[in-house]
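First comes the structure, then the notes that go with it.
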Amino acid sequence: MHNERTEDEWLWGWDPTPGIVTLWAEDDGRVTVWRRDPRTGELLRETERFRPWVVLDRLDDLLHLGDALCCEGEPIANARVVYRELDGPGALRYLVTADNYKTLNTAILRGATERLGRPVATLRELGPDAAIALPLDEQYLVATGRNYFRDLTFDQLRRLQFDLETTGLSPERDRIFMVSVRDPSGTVEILEAQGRGDAPEAELIRRLVAKIREADPDVIENHNLHGFDLPFLHRRARSLGVPLALGRIGPPGLRRRAARRGMVAEDDTERRVRFVAPGRELIDTIDAVRRYDYTVRALPSYGLKAVARYLGLAGPERELIRGDLIYTTYHTDPDRVRRYAAADVEEVAALSRTLGGPAFALSRMVPRRYERLADAGPATGMIDPLLVRAYLHAGNALPAHQASDGTPHSGAALHLFATGVAHRVVKADVASLYPSLMRTYRIGPARDHLGVLLALVDRLVEQRLTAKAAGRAAPSGSAERHAHEAMSAAIKLVVNSAYGYLAAGGGLTRFADVHAANEVTRRGRETLDFMCRSLAERGVTLLEADTDGVYFAVPPVWTEADERRVVADVASLLPPLVQLEFEGRYAAMLSHEPKNYALLGYDGTLLLRGVAFRSSRAEPYGETFLRHALEHLLAGDVPGVRAVYLDTIDALRRRELPTIKIASRVRLTKTPERYRATRENRRELPYEAMLGSGREHWHVGDKVRVYRTRTGQAAVAPEVDEEGATALGDPRDYDVPHYERLLRDNFAVRLQRAFTPGDYATVFADPDQASLFAPPLETIRPVLTPRGGGD
DNA sequence: CATAACCGGGG
DNA sequence: GTGTACGGTTATG
């Protein structure tokens, strides 16, 4: 039906123009393209022309144009709008073009207004099944088959990072007093307001703008750029009357685009927007962090400092200042704030280079701007544009969205086979299960009669294997390896969302097909069940199976080679494209509930999964207890578990634990006024703690640590600095019996499944009431309890 | 007490 | 002239 070259063009586009780093398209079809020469790095600015286009489900709305409308191939001299009827059964079958998008838009809206007998002001009002109207830059990329970054490496981009230091979080109340800027060569400069008030702040913004224009970057980056720095800067510049000329063309001032993850637009509360600077790409590293954690699920927080530390990007001397203390610190120790601000932009640059690869790689495939691909979701953000381009390139009509026929969507399988403690645990899982099933059983959307989605998935998986192999062959740490790994990660993202694209409910995606999606999950459940049966037949003890992976325990005499062999045996029984892999092995596991377990690695590392074992609100002393108790439990040391429990109670009773360790972290969501209004009806611990500690003022969103005092009142725990010292001394007046109960009822219970009821009572018996008849701790063995059926 | 709505971050 | 999911928390009936 289609050949290899066609499929290549579906995936990569067809115009080889190298080095596009950004572009800006106007209504009249003029496009400014900025390219970097892949050899010299030199920046070229070119002006191109294209015909803006729309795909419609009918020509009716354009018939009023008379002679000014004509069919492609039979040109009429003064035709302003040209149409072409596309092949195939799709409902969206008229590709209409004009010299100017405004001409096209106005003509369609006029016709639609007449036809419907009501004013139609935007194409969007016609609904997604009457018109496909993309942003102009995407129209250009789809029409030309061009893509960003061909033949360019990530390091050839000119990237600049800037970070604002402000007196607070509110652009209405607060000001910018410092900006750190890292230019594309890596030099960091700290700009500061020379004094207080409007004039110095305005001058600071002017210097920032001048600095950016002089450095002339292709890309501007920061962490939470779109959520904080740009909106703050925009607001301050506007109220100070400073022109914000950050773009490369057009009048000063930032433009806006709609974006799901954007900020709330000023004029209305519904839509969300992000800023755009023509001629530059505005990249927020928080998007890359989210995308990374979406698969990895290991980040403690999405904050810059936490992520930089986690990824090993933070220097050993990294200056840290609590957010609310930055401005006050600036008065007493300005150099410290300068070091802090400099470290921020350095970390952003490193973070972007580490996690920004996938968006860069995607830009070479998907016909959208780099900055849009950085925050786009994979289904509607990447797969849909690829499908639209492929259909139009093939001259084929696109289907309308299909309303649900009421078929419910069925999900994955989840089995819990046993709870309690198991030893010698192995995890085996299928790499990219759903895409593999789609490929094996040729499951694609019914209305995709060109077979584009499956062809894309096939090509992407092949590309990924190539990229992975090339990455392994390249020297560790090299730019080449980095590029291949980024490509592999980007492809994984798209491939894994192919199923999500099928399953998207509510008519979100053009080719969504719940029947096909259900066939994928049915095959998935079948595959998982088959894997479990086959493993059990080979003598392992099944523990938990979820969607595409199985945890199981092996007999004591087995070696790692035996473990790998049993996985390979079962893998050989599966279809060739469905690849079961040996994912890891662990010394022990506590299986608590579905998706809730603790794993002890052979190297001693403890891995906790699920809400039962990690919660941001949990009191630190309880978390610490749980970790230590689990380490002893999984190492087979039951007396050690008891000792940790007794030590914790002892530390509580002796008040050796700092107050901060027993306090729980809460976020204040009501203003002082709002809380006082409802206080008589319902008392809430966090606010009572604030008032009780004499803190009458706070902002919504403030986070504090609160605890219960020995008199039963609520109090705010004193904040500690980085060294753990409190400024005013630590009262340690917490309610010991209360926190003993909490330890037993909230934390110790998470080890309940590890013991028989009698043994559990012994291990966590009250130290004051130890029974003479209890069995000695040394004889207690953790248990593993099978769960019949497994659901 | 259940379900819906909201948040994640930035100074 | 858009559109992740997910897991956790808080508001609301």
Side-chain angles (χ1 to χ4, degrees), chain A residues 25 27 52 54 101 105 121-125 128 131-139 163-171 173-178 222-233 255-263 270-274 276 284-287 289-291 293-295 297 299 301-307 321-330 337 340-341 344 372 375-384 493-494 496-497 500-501 503-509 595 609-611 614-618 665-670 684 686 699 701 703:
Chain A
D27 284 331
V54 172
Y101 188 64
N105 203 32
T122 65
L123 286 178
R124 222 163 56 87
E125 290 173 40
I132 299 176
L134 301 181
L136 282 158
D137 42 69
E138 291 174 26
Q139 291 180 30
D163 185 53
L164 306 182
E165 302 306 329
T166 67
T167 59
L169 289 171
S170 158
R173 281 197 308 270
D174 302 307
R175 292 183 185 280
I176 305 166
F177 69 91
M178 179 187 286
N222 195 18
H223 202 66
N224 210 11
L225 177 72
H226 287 289
F228 179 72
D229 296 83
L230 281 178
F232 201 108
L233 180 63
R255 320 275 186 106
R256 289 170 179 79
R257 68 175 163 108
R260 187 75 182 101
R261 303 209 66 92
M263 61 200 173
E270 285 300 297
R271 305 181 63 75
R272 291 178 160 261
V273 295
R274 282 189 168 192
V276 178
D284 192 334
T285 45
I286 213 169
D287 294 320
V289 166
R290 279 198 187 100
R291 188 174 279 170
D293 198 49
Y294 174 58
T295 45
R297 291 202 188 287
L299 293 180
S301 127
Y302 291 174
L304 175 64
K305 286 83 181 165
V307 176
I321 309 175
R322 239 176 59 198
D324 56 343
L325 299 179
I326 290 170
Y327 189 50
T328 48
T329 305
Y330 183 61
V337 178
Y340 169 84
D344 271 8
R372 289 210 60 196
D375 70 57
T380 49
M382 298 163 196
I383 293 181
D384 221 43
L493 185 80
V494 179
N496 284 344
S497 66
Y501 183 91
L508 278 175
T509 56
K595 296 176 189 278
R609 281 283 148 81
V611 279
R614 37 196 303 172
S615 163
S616 63
R617 275 201 57 159
R665 209 170 115 94
V666 295
R667 191 169 163 266
L668 302 175
T669 57
K670 296 178 180 174
E684 294 171 67
H699 294 298
K703 286 165 192 156

Next item on the list: Rounded off to whole Å, could you give me the CD-to-P distance for the A:E125 and C:dG1 pair?
Entry: 7 Å
Note to self: Can you measure A:D137 atom CG to C:dT2 atom C1' for me and round it to whole angstrom units?
What the structure shows: 14 Å
Checklist line | Separation of atom CZ in A:R290 from atom P in C:dG7, rounded to whole Å | finding: 16 Å
Check: Rounded to whole angstroms, how far apart are NE2 on A:H226 and C1' on C:dT2?
Finding: 15 Å
Check: Across the strands shown, which category fits A:I326 at heavy-atom distances under 4.0 angstrom: base, sugar-phosphate, nothing?
Finding: sugar-phosphate
Checklist line | Any A:Y340 side-chain nitrogen or oxygen under 4.0 Å from OP1 or OP2 of B:dG11 | finding: yes
Notebook entry, point to check: Which part of the nucleic acid, if any, lies within reach of A:L136 when heavy atoms closer than 4.0 Å are counted: base, sugar-phosphate only, or nothing?
Noted result: base
Next item on the list: Record whether the side chain of A:R257 comes under 3.5 Å of the base of C:dT2 through a donor-acceptor pair of N or O atoms.
Entry: no
Next item on the list: Among A:D287, A:T285, A:D284, A:D344, find the one that has a side chain to side chain donor-acceptor pair (under 3.5 Å) with A:H223.
Entry: A:T285
Next item on the list: Identify whether any heavy atom of A:N496 sits under 4.0 Å from a base atom; if not, whether one sits that close to sugar-phosphate; answer base, sugar-phosphate or nothing.
Entry: nothing
Notebook entry, point to check: Between B:dG9 atom P and A:L169 atom CG, what is the distance in whole Å?
Noted result: 13 Å
Note to self: List the residues meeting side-chain contact (heavy atoms from CB on, under 4.5 Å) with A:T122, not counting sequence neighbours, and say none if there are none.
What the structure shows: A:R124, A:E125
Next item on the list: Using a cut-off of strictly less than 4.0 Å, decide whether A:T122 has a side-chain nitrogen or oxygen near OP1 or OP2 of C:dG1.
Entry: yes
Check: Is A:R372 near enough to C:dG3 that one of its side-chain N or O atoms lies under 4.0 angstrom from OP1 or OP2?
Finding: yes
Margin query: As a test of reading the structure: which of C:dG1, B:dG11, B:dG9 is closest to the side chain of A:R124, going by heavy atoms?
Written below: C:dG1
Notebook entry, point to check: How close or far is atom P of B:dG11 from atom CD1 of A:I286, stated in whole angstroms?
Noted result: 10 Å
Next item on the list: From the options A:N222, A:L230, A:N224, select the one residue that forms a side-chain contact (heavy atoms from CB on, under 4.5 Å) with A:H226.
Entry: A:L230
Checklist line | Whole-angstrom distance between B:dG8 and C:dA5, as gauged at atom C1' | finding: 12 Å
Notebook entry, point to check: Which part of the nucleic acid, if any, lies within reach of A:L325 when heavy atoms closer than 4.0 Å are counted: base, sugar-phosphate only, or nothing?
Noted result: nothing
Notebook entry, point to check: Is A:N105 touching bases, backbone alone, or none of the nucleic acid, heavy atoms closer than 4.0 Å?
Noted result: nothing
Check: At under 4.0 Å between heavy atoms, what does A:R175 touch on the DNA or RNA strands: base, sugar-phosphate, or nothing?
Finding: nothing
Check: If every non-hydrogen atom of A:A376 is compared with every non-hydrogen atom of A:R291, which pair is closest and at what distance?
Finding: O-NH2, 3.0 Å
Next item on the list: Specify the separation, in whole Å, of atom CD1 of A:I132 and atom C1' of C:dG1.
Entry: 14 Å
Next item on the list: Rounded to the nearest angstrom, tell me the gap between atom OH in A:Y101 and atom P in C:dG1.
Entry: 7 Å
Margin query: Base, sugar-phosphate or nothing for A:S301? Non-hydrogen atoms, less than 4.0 Å.
Written below: sugar-phosphate
Notebook entry, point to check: Which distance, rounded to the nearest 0.5 Å, do you find between the CZ of A:F232 and the CD1 of A:I176?
Noted result: 6.0 Å
